[in-house]
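Side-chain atoms are counted along with the backbone in the values below, which use heavy atoms only and exclude waters and symmetry mates. These figures come from a predicted structure and were not determined experimentally.
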Amino acid sequence: MSKADAMADAGKTAVLQNIHGTMEFLQKFPPFNQMDTAHLAFLVEHCQLRFYAEGDSIIKPSDGPVEHFYIVKQGRVHGERPHSARRGTETTFEITVGECFPLAALIGERATRTEHLAAEDTFCLLLTKLAFVKLFAVSNPLRDFALRGVSSLLDQVNQQVQLRAVETLGAQYSLDTRLGELAMRQPIGCAPQTPLREAVRLMHEQHVGSIVVVDPDNRPLGIFTLRDLRRVVADGADLAQPISNLMTPRPFHLPPDASAFDAAIAMTERHIAHVCLVDHEKLCGVISERDLFSLQRVDLVHLARTIRHAGKVETLAGLRSDIRLLVDRMLAHGASSTQITHIVTLLNDHTVSRVIELTIEEMGDPGVPFTWLCFGSEGRREQTLHTDQDNGILFEAADAAEAAAIRGRLLPLAAEINQRLAQCGFTLCKGNIMASNPELCLSRQEWSRRFAGFVLEATPENLLGSTIYFDLRAIWGPDEGCEQLREELLGRIGNNSLFQHMMAENALRHRPPVGRFRDFVVARSGADKDTLDLKVQGLTPFVDGARLLALANHISAVGTLERLRALVAKGVIEAQDGAAYEEAYHFIQQTRMQQHQLQARDEQPYSNRLDPDSLNLLDRRILRESFRQAQRLQSSLAVRYQL
């Protein structure tokens, strides 16, 4: 018997002598905690235990196609690859107790692309390829995990969130619900020539708040609502006239497969209370605010309308607690972080717009059109409850003299708006990136020159302060000037490889907090001891990386996830990588938002710093895997730009 065979027999004997203990160990970790007992027993009975001393190579590319499935029983394993630019190797990931490898290579029947080394004295459970294939065929949890990785883990987290919602709120609802499932009754329609009196009688008899005007083929032509009725009655309209004279033409519509989230966003953005459902051009349903309220128990559209009609700034400030409650309920119901940040940003946009309008009413119209710009997370529609102000003003001017005169009229208004936004919970920017700063209250030509300076005169130092402006968006006022600036910016950066190189260096500044010798890299002393920064160390690598690649490839999308999807569509990054980055970004953002909610409930100041020891085992593992995805994105940028 060879030495290798003798070691294998000894390892198998060690496992068989403690089958129950090994199963108990595996049941603490996904995906084994979801496997049938019989399948888990099969795995354990076919495993062997093997020891690797610190520095031992477990598997490497030159070994050829992978022959075993490995589970870390004790110790840690590092994945190392040749460094992309320098001599030697770099650690690209760390595998700890309860984790398994190398799934992609095993399923692909190929060699691993990374050498796996024991980072310390390590014991691994080894399952032969033949046994793994059999188990893969019969165990859905193992197969799902092997094919989807971190996505499968996130499903488990979302299931836990949903279960907590059932326990705390008594019911389970989702903004992902199809609109076709919510439209429980046939829509009420009428012909264009129907007299108004008849249409109103029909609405009253059917107890509905709207009636859709349709053509003979049941295609929607317009909509008439109770809100319209109140208006026309107040105006003394003739009730005998045809409803086509009073309807809102070309009503907004969505397909029945659209989600409740899509309808809520549409109602909030368009200030409407009803959405028609249209399938193959034919009316098939109507969704009202009430339908969404009964679904979510959160009056999103009503809250947005209350903000838009607030009579004073104090009312807007008071509504911030309602927004927090809305986020609390959405988190409890398992809404995605992307949905929540989109809604928070949307409500923030409404608040900013109303503050501008109230301030103009009080201080007087400056007499010149202007656009209120936002930058950074608000520009990307990625705001949480913990946010500060990053804004500016854009206006049109014929020359420098006219620009200076207009600026003089707008700056007092801008200063008052900034102060009133601070009253509403939008912290004043410590870096003075606010419209009240004369350097950020500019004509379109001045903004254009400023952006050109960012690109043409960039140094690594001043680049740090300029990237926030690359995520610009118009909140209030005409948006044509903002769109022109964005197009100019895309052209300048797309043709400037030196600037892209500096942006890439900037994108590698904030390293994810995953250590070579420990789970997470946390602060070792001071007030932040034992914590890491979810925003700077976790989200920023994705934000910076997606921004760089989008601008370099003339992609106009501003949001991080929209940029990643556009990069996948263009073939700049692989679909599998894009999906992994998106899942990781989503989980870090969700963890951050849940922390903010806890801080708000405990009346503590908002902070992005987290003690990873406060997480349960599953959340901790997914957070570490999410940080690894940020590392992978940064590594790809280092290779692409030869850093």
Could you pull out all residues at least two apart from Glu99 that satisfy salt bridge (Lys or Arg N to Asp or Glu O under 4.0 Å)?
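With neighbours one apart ignored, the set is Arg621, Arg624, Arg628.
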
Thr341 and Gln589 side chains, donor-acceptor separation under 3.5 Å:
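Their side chains do not contain a donor-acceptor pair, so the 3.5 Å distance test is not met.
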
Using side chain to side chain contact (heavy atoms under 4.5 Å, CB included) as the criterion, point out the one residue from His46, His68, Lys134 that pairs with Leu127.
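In the set His46, His68, Lys134, the residue that makes a side chain to side chain contact (heavy atoms under 4.5 Å, CB included) with Leu127 is His46.
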
Measure across [X] and [Y] and return the closest heavy-atom pair with its distance rounded to 0.1 Å.
{"X": "Ala575", "Y": "Val568", "value": "CA-CG1, 3.7 Å"}
{"X": "His501", "Y": "Gln642", "value": "NE2-O, 4.4 Å"}
{"X": "Leu125", "Y": "Cys47", "value": "CB-SG, 4.1 Å"}

Would a 4.5 Å heavy-atom cut-off, applied to side chains only, mark [X] and [Y] as touching?
{"X": "Thr591", "Y": "Asp619", "value": "no"}
{"X": "Phe51", "Y": "Asp56", "value": "no"}
{"X": "Asp613", "Y": "Arg620", "value": "yes"}
{"X": "Thr122", "Y": "Val77", "value": "yes"}

Which of parallel (below 30°), tilted (30 to 60°) and perpendicular (above 60°) describes His342 and Phe261?
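Plane angle over 60°, so perpendicular.
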
Can you say whether the rings of Phe69 and Phe132 are parallel (under 30°), tilted (30 to 60°) or perpendicular (over 60°)?
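Rings of Phe69 and Phe132: tilted, as their planes differ by 30° to 60°.
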
